[in-house]
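Every chain is numbered from 1, with letters handed out A, B, ... down the list of sequences.
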Number of protein chains: 2
Amino acid sequence: MAGDRPGYELEAQIGHLLRRAHQRATSLFLASMQEHQLTPTQWAALVKLHEQGALSQNHLGRLTAMDPATIQGVIRRLVTRDLICRAEDLNDRRRAVLRLTEAGTALVDQLFATAAGISRETLSPLSPSEQAVFLKLLQRLA
Amino acid sequence: MAGDRPGYELEAQIGHLLRRAHQRATSLFLASMQEHQLTPTQWAALVKLHEQGALSQNHLGRLTAMDPATIQGVIRRLVTRDLICRAEDLNDRRRAVLRLTEAGTALVDQLFATAAGISRETLSPLSPSEQAVFLKLLQRLA
DNA sequence: TCGAAACCATACGTACACGAATAAATCGTG
DNA sequence: CACGATTTATTCGTGTACGTATGGTTTCGA
C-alpha cells in the first residue's frame with residue numbers, strides 16, 4: 001500500500017498519445033508521398049500558397065503554424081526544388097513575396113487526391129461517426 | 001463550377017490538426033517543466049525506467065515509441081545530467097543496462113504531480129466527458 | 001524629422017524523428 | 001558445431017521545431 005505509484009500511466013497521457021498519433025500520421029504521409037519527397041509541412045506551405053496566391057514568408061508561417069525560424073528552412077528547400085519562387089514586394093521592401101511556380105501549382109493540383117487519401121487512411125481505424133466526433137474535439141485542442 | 005477547388009481544407013486535415021495539437025501539448029509541457037529542463041521524451045524515458053527498474057536502451061525505446069537513433073540522444077543527455085546511469089549487461093555484452101540514479105528517482109517522484117497537472121491543462125478545453133471520449137479515440141490512432 | 005516601435009528575415013544552438021549504414025554480439029537451425 | 005539471421009547500439013544525413021540574438025526596413029509619433 002505504502003509505496004504505491006500515484007497511478008500515472010504514461011500510455012494514458014494526452015501528450016504521449018498525441019506524440020504517437022502524430023508520428024503515425026507523419027509516417028503514413030511520407031509513405032504516400034515518397035515518390036514526390038514532400039513532408040507534411042512542405043505540403044502545408046504549398047497548399048496555402050495555392051489557396052492564397054502570394055504571401056510573405058512570416059505570414060505563410062502563421063497560416064501554417066510554423067515559427068519564422070522553421071518556415072525559413074521549409075521555404076528554402078522548396079525554392080531549391082523550384083516549386084516556389086520569391087520576388088521582392090514592391091510596396092513593402094521588407095518582405096519577400098512567395099509564389100508557387102508553374103511546376104509547384106501543377107504538383108499541388110496533382111496531389112490533392114493523394115493528400116485526401118492520406119487523411120482517409122490516417123482516420124481509418126475509426127468509424128465515420130467516430131471520425132467526425134474526433135475531428136471536432138481535436139480542432140478544439142489545436 | 002469548373003475551376004472549383006477539390007474542397008481540400010488544410011485546417012480540417014487530421015495530420016495538420018495532430019501536428020498543431022502536438023505542438024500545443026509540447027509547449028505546455030516545456031512551460032511547466034522549465035525549471036527542470038525536461039522534454040516530453042526525456043520524461044517518458046524517466047517514467048518508464050522508474051516503472052520497470054532496469055532496461056536496455058532499445059527496449060526502453062520501444063516502450064516509449066522512440067527510434068534507436070532517437071533514444072540514443074535522449075539517453076545521452078540524461079546520463080550527462082546524472083539522472084540515468086548505464087552499466088554493461090554481464091549476460092549480453094551488446095547491451096547497456098539503464099537505471100535511474102538516486103537523483104533521477106527522486107526527480108521522477110517529485111514530478112508525477114506536475115506531469116499530471118500538465119495533462120489536465122492540455123485537456124482543459126474539453127469537458128470531462130469529452131475528454132474521456134477523445135482519449136479513447138486517440139488511443140486507437142496511436 | 002528623427003528616433004522608437006513594429007515587422008521581417010536570417011543565423012545559431014538544442015532537441016526530437018527517422019532512414020540508412022556499420023559493427024559487434026547473440027541466437028537459431030541445420 | 002557452424003553459419004546465416006537477428007538484435008543491439010552508434011553514426012551520418014535530412015528535416016522539423018523553437019528560443020534567442022542580430023540586423024535590416026518601414027511606419028508612427030513626439
Side-chain angles (χ1 to χ4, degrees), chain A residues 15-16 18-31 33-34 36-46 54-81 84 86-98, chain B residues 15-16 18-31 33-34 36-45 55-81 84 86-98:
Chain A
H16 187 69
L18 282 173
R19 176 169 150 269
R20 284 175 47 200
H22 178 240
Q23 280 179 0
R24 173 171 168 275
T26 302
S27 168
L28 292 174
F29 188 99
L30 294 176
M33 288 292 191
Q34 191 169 26
H36 303 282
Q37 289 289 110
L38 281 183
T39 64
T41 51
Q42 290 172 3
W43 172 248
L46 293 175
L55 294 166
S56 79
Q57 190 166 297
N58 281 5
H59 189 184
L60 177 58
R62 286 190 293 274
L63 292 178
T64 53
M66 283 184 253
D67 220 64
T70 301
I71 192 87
Q72 188 271 340
V74 175
I75 295 305
R76 179 169 43 74
R77 287 181 278 273
L78 292 173
V79 168
T80 299
R81 291 170 60 183
I84 282 181
R86 36 196 341 163
E88 294 178 9
D89 187 325
L90 301 179
N91 299 22
D92 188 340
R93 284 173 47 201
R94 290 171 298 186
R95 301 189 201 180
V97 178
L98 304 175
Chain B
H16 186 69
L18 283 174
R19 176 171 149 269
R20 284 174 46 200
H22 179 240
Q23 279 179 0
R24 172 171 170 276
T26 302
S27 169
L28 292 175
F29 187 98
L30 295 176
M33 289 291 192
Q34 191 169 24
H36 303 282
Q37 288 291 106
L38 281 183
T39 63
T41 52
Q42 290 171 4
W43 171 248
L55 295 166
S56 79
Q57 190 166 297
N58 281 5
H59 189 185
L60 176 58
R62 287 191 292 275
L63 293 178
T64 52
M66 283 185 250
D67 221 62
T70 300
I71 193 85
Q72 189 271 338
V74 175
I75 296 304
R76 180 170 41 75
R77 286 180 279 272
L78 291 173
V79 168
T80 299
R81 291 171 59 183
I84 284 182
R86 42 196 332 166
E88 292 179 11
D89 188 323
L90 300 178
N91 300 20
D92 186 339
R93 284 174 47 205
R94 293 170 299 182
R95 299 189 206 182
V97 179
L98 304 175

Show each protein N/O and nucleotides 24-29 of chain C N/O combination with a separation under 3.5 Å, one pair to a line.
{"unit_1": "C/dA25", "atom_1": "OP1", "unit_2": "B/Arg93", "atom_2": "NH2", "d": "3.4"}
{"unit_1": "C/dA25", "atom_1": "N3", "unit_2": "B/Arg94", "atom_2": "NH1", "d": "3.4"}
{"unit_1": "C/dT26", "atom_1": "OP1", "unit_2": "B/Arg93", "atom_2": "N", "d": "3.1"}

Does B/Arg62 have a side-chain nitrogen or oxygen under 4.0 Å from the phosphate oxygens OP1 or OP2 of D/dA9?
no
Tell me which nucleotide among D/dA9, C/dC18, C/dA9 gets nearest to the side chain of A/Ser56.
C/dA9
From CD of A/Gln57 over to C1' of C/dT10, roughly how many Å is that when rounded to an integer?
9 Å
What are the two closest heavy atoms between A/Gln37 and A/Arg81, and how far apart are they?
O-NH1, 2.8 Å
Determine yes or no for a side-chain-to-main-chain donor-acceptor pair under 3.5 angstrom, with A/Gln23 supplying the side chain and B/Ala65 the backbone.
yes
To the nearest Å, give me how far apart CZ (A/Arg20) and P (C/dC16) are.
18 Å
Expressed as a whole number of angstroms, how long is the span from B/Leu60:CG to D/dT7:C1'?
16 Å
For A/Gln34 and D/dT14, give me the distance from atom CD to atom P, rounded to whole Å.
17 Å
OP1 or OP2 of C/dA15 sitting under 4.0 Å from any side-chain N/O of B/Thr39?
no
Whole-Å distance separating the CZ atom of A/Phe29 from the C1' atom of C/dG19
17 Å
In whole angstrom, give the distance that lies between atom NE2 of B/His59 and atom P of D/dT8.
9 Å
Find which nucleotide of DNA chain C each of A/His22 and A/Asn58 is nearest to by heavy atoms, and output the residue with the more 5' nucleotide.
A/Asn58
Side-chain contact test, heavy atoms from C-beta onward, threshold under 4.5 Å: evaluate it for B/His59 versus B/Arg95 and give yes or no.
no
Is there a side-chain contact between B/Arg77 and the phosphate of C/dC16, meaning an N or O under 4.0 Å from OP1 or OP2?
yes
Shortest non-hydrogen separation from A/Gln57 to A/Leu98 and the atoms involved
CA-CD1, 3.8 Å
Between B/Asn58 and B/Pro68 the two heavy atoms that sit nearest each other are OD1-CB, 3.8 Å
Closest contact, heavy atoms only, B/Thr64 versus A/His16
O-CE1, 3.8 Å
Write down the atom of B/Phe29, the atom of B/Thr39, and the distance for their closest heavy-atom approach.
CE2-C, 3.5 Å
In terms of ring plane angle, is the pair B/His22 and A/His22 parallel, tilted or perpendicular, where the classes change at 30° and 60°?
parallel
Could you tell me whether B/Arg86 contacts a base, only the sugar-phosphate backbone, or nothing, with contacts defined as non-hydrogen atoms closer than 4.0 Å?
sugar-phosphate
Whole angstrom is fine here: how far is it from CH2 in A/Trp43 over to P in D/dT16?
15 Å
So does A/Gln37 get a side-chain nitrogen or oxygen closer than 4.0 Å to the phosphate oxygens (OP1/OP2) of D/dT14?
no
Could you report the tightest heavy-atom contact between A/Val74 and A/Ala45, atom names first, then the distance?
CG1-CB, 4.4 Å
Inter-residue atom distance B/Leu60.CG - B/Met66.CE, 0.5 Å rounding
6.5 Å
Whole angstrom value for the distance that separates C1' of D/dC18 from CZ of B/Arg24:
18 Å
Would you jot down, in residue-number order, the residues of residues 64-75 of chain A having a non-hydrogen atom under 4.0 Å from DNA chain C?
A/Pro68, A/Ala69, A/Gln72
